[in-house]
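Positions are given from 1 along the sequence. All values below come from the heavy atoms of this structure, side chains included, with hydrogens, waters and symmetry mates left out.
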Amino acid sequence: VLFAHGRRFDAYHVRFRDVARGGMRLVTPNNPEQYALESARHYDECYGLAYAQQLKNKDIPEGGSKAVCLINTNGLSPAGKEFVMRKSVKAFADTILDLIVDTPETNENVVDLVGKKEVLYLGPDEQVITDDIEWIIQRAACRGYGTPAAFMSSKPKSGINHKEYGVTSEGVNVYLDVALRHVLGIDPTRDVFSVKMTGGPDGDVAGNEMKILIREYGDNVKIVGIADHSGCAEDPGGLDHEELLRLVHNDLCISNFDRSKLGDEGVVHTVDTDEGIKARNTMHNRLEADAFVPAGGRPNTIDDHNYQHFLKEDGTPSSPLIVEGANLFVTSSAREKLHREAGVVIVKDSSANKGGVITSSYEICAAMMLGEEEFYEHKDRIVDEVLTKLRDLARMEAELLFRESENYKEPLPYVSQVISDTINAATDALASALDQLSEEDRDSLMPLFRSHLPKTLADLSFHRVKESVPEQYVKNAIASTLASKMVYKEGTRFIESQPKESLADIALRYVEKEREILRLREALEGAEGLEEEEKERILGLLERGGARTA
């Protein structure tokens with residue numbers, strides 16, 4: 001935990017690993033009473049956000065972290081408030097750098113009780129603007145931070161803009177696709193299905209999810225309801241796709257929906273009337289749909305006190321499936337009650353919307369390994385490969401989620417937590433064990449780091465790894481890649497059954513057996529005298545049995 005106190009701000013940075021990444025957010029309460037309330041829960045909020053990030057970060061080298069800067073702007077003019085906010089960002093970032101850069105100045109003035117290098121990365125969260133991002137990167141370079149371009153993500157030119165590329169929604173849609181097949185027996189590429197959403201066409205997750213639904217499923221998907229800050233649009237026959245895409249492409253909220261595009265039973269409510277506010281606030285409960293995708297809205301919207309409003313009069317849910325694109329829309333206890341009392345299947349946020357953190361991690365890698373112009377030249381290919389990787393990681397986790405939930409009769413949110421905890425525990429055990437390996441054994445695992453990277457990034461810059469990427473980062477990347485590979489392939493029970501002290505040896509043997517399986521596949525594919533059908537059966541057995549069987 002890092003704590004900073006300034007003239008008008010207090011700030012915490014909480015992390016779960018020495019190599020960690022998470023957003024910085026600014027909290028500016030509107031009055032003294034609200035400031036006192038936010039101050040009382042300041043650390044708890046920062047810790048909770050960092051822990052949620054740790055669960056999401058299971059597939060990447062960085063552990064979870066969060067920075068929350070609470071700023072007292074009471075009594076200030078709008079210009080004064082803006083000045084204090086920007087000044088607080090600079091002071092807080094400089095304080096973090098004071099504690100983590102290794103320079104004669106800091107070595108003289110900082111008491112180091114950790115005894116090893118701390119590798120922290122930030123990202124923009126609430127109220128952090130582009131000017132802040134650029135200043136922090138320049139300041140990190142000035143202060144001697146080893147990889148300044150990677151210290152802050154979402155850079156205007158050499159970053160991967162989450163909204164522009166729809167990275168979070170690409171992952172959310174994979175979970176929705178797998179869930180529809182497992183829970184409702186719907187093949188969305190062939191069958192008609194319905195969805196209701198919170199979050200508007202101008203929002204990141206919601207707007208991109210609309211685009212992806214229409215891109216992937218065409219007329220099969222009926223988006224029957226959308227609610228955002230401006231109101232809601234409802235149509236049991238499905239809202240017009242072309243009109244939704246017009247709103248998305250022009251960054252317009254749902255109240256701008258053209259009423260002439262509605263069906264006979266369609267309606268648009270706006271929040272300039274009491275009736276419209278009520279309709280907007282209850283849309284996610286009232287409308288019936290195969291799936292509900294909260295992709296925007298306030299945290300804890302569905303909680304212990306109101307979860308029953310999601311149920312119809314006969315006790316069945318208005319949607320049997322929820323895929324959480326937004327963070328914390330449903331509280332933990334409400335999830336449990338909806339599942340126990342009404343059989344609602346819920347894909348938890350820490351699984352469903354992890355695409356954003358995966359993308360930011362790859363942006364950090366690119367910033368360490370490529371110059372800004374070099375990245376920009378190859379950006380389109382790198383982004384396409386990042387999207388492919390995050391979809392693959394989402395599908396592997398989604399398939400494991402449903403497999404273990406069905407096998408062990410446990411609710412999905414619980415299984416999601418187990419998967420995150422198992423991968424993180426295995427990553428930590430492997431990272432610790434890697435320190436004890438010989439240099440030869442560590443070098444033999446470098447192909448794992450290469451396979452973690454997008455192909456174009458690896459082809460361009462893998463030869464620079466030792467000189468440009470911190471050793472701890474590479475070690476964590478190898479550990480997290482191997483841990484997630486083993487868990488997704490073999491399941492959580494296999495990893496949990498292994499003694500922690502033996503995990504590194506088992507992992508090394510696992511890697512070697514994977515190579516052996518690959519050699520067998522290549523030999524079999526080139527073998528003569530076998531019928532193609534017989535060859536495919538043997539290849540299938542090798543794939544299903546995998547390294548564990550070998």
Side-chain angles (χ1 to χ4, degrees), residues 162-166 168-170 172-173 176-177 180 184 186-298 301 310 312 318-326 329:
H162 289 197
K163 184 175 181 180
E164 180 182 353
Y165 294 103
T168 303
S169 305
E170 290 286 356
V172 169
N173 201 70
L176 176 62
D177 185 288
L180 286 168
L184 303 177
I186 291 173
D187 177 350
T189 63
R190 304 169 72 174
D191 305 326
V192 174
F193 67 101
S194 56
V195 177
K196 59 182 176 181
M197 300 173 61
T198 54
D202 57 339
D204 172 5
V205 182
N208 280 302
E209 179 60 14
M210 293 174 208
K211 285 168 60 178
I212 294 165
L213 284 168
I214 294 166
R215 178 192 77 198
E216 295 295 318
Y217 311 123
D219 291 339
N220 288 347
V221 60
K222 295 189 180 301
I223 303 173
V224 297
I226 294 169
D228 68 8
H229 63 93
S230 70
C232 64
E234 307 172 15
D235 195 329
L239 293 164
D240 184 83
H241 286 182
E242 287 188 10
E243 176 62 7
L244 287 176
L245 291 175
R246 181 186 73 84
L247 298 181
V248 171
H249 292 143
N250 289 283
D251 268 341
L252 296 172
C253 53
I254 198 63
S255 60
N256 292 282
F257 193 94
D258 183 349
R259 276 68 167 174
S260 70
K261 304 289 186 179
L262 292 167
D264 292 341
E265 299 179 65
V267 62
V268 174
H269 297 283
T270 56
V271 294
D272 51 5
T273 67
D274 290 343
E275 181 188 4
I277 293 171
K278 182 179 179 181
R280 188 275 310 274
N281 291 348
T282 60
M283 188 281 296
H284 65 279
N285 291 323
R286 288 184 293 104
L287 295 192
E288 294 185 33
D290 293 313
F292 170 40
V293 180
R298 297 299 303 156
T301 296
F310 195 75
K312 297 183 289 186
S318 58
S319 291
L321 171 64
I322 299 176
V323 179
E324 295 180 346
F329 190 89

Shortest non-hydrogen contact from [X] to [Y]?
X	Y	answer
S319	K196	OG-CE, 3.1 Å
L176	A291	CD1-CB, 3.8 Å
L239	A233	CD1-O, 3.7 Å
A289	P320	O-CD, 3.6 Å

Return yes if a side-chain donor-acceptor contact under 3.5 Å exists between K211 and S169, otherwise no. no
Quick one: side-chain hydrogen bond (donor to acceptor under 3.5 Å, both in side chains) partners of [X], sequence neighbours excluded?
X	answer
K278	none
D204	N208
E234	R286

Any heavy-atom pair between the side chains of [Y] and [X] that's under 4.5 Å?
X	Y	value
L244	I254	yes
I226	F257	no
P236	V224	no
P201	D228	yes
D202	C253	yes
P294	I322	yes

Look up atom [atom1] in [X] and atom [atom2] in [Y], then write down how far apart they are to the nearest 0.5 Å.
X	Y	atom1	atom2	answer
L213	K222	CG	NZ	13.5 Å
N220	I214	CG	CD1	12.5 Å
Y217	D187	OH	CG	9.0 Å

Backbone of [Y] reached by a side-chain donor or acceptor of [X] within 3.5 Å:
X	Y	result
S318	N285	yes
S230	S255	yes
D235	G263	yes
D177	N173	no

Got a sec, which residues hit ring-ring contact (aromatic ring centres under 6.0 Å, His included) with F329, two or more places apart in sequence or on another chain? H284, F292
Any salt bridge (charged side-chain N to carboxylate O under 4.0 Å, His left out) involving residues 241-270? Give me the pairs, sequence neighbours left out, ordered by first then second residue. K163-D251, E243-R246
Side-chain donor/acceptor pairs under 3.5 Å, residues 266-277, sequence neighbours excluded:
from : atom 1 : to   : atom 2 : distance (Å)
T270 : OG1    : D272 : OD1    : 2.6
T273 : OG1    : G276 : N      : 2.9

Answer yes or no: does atom CG of N250 have more than 12 heavy-atom neighbours from other residues, nucleotides or ligands under 6.0 Å? yes
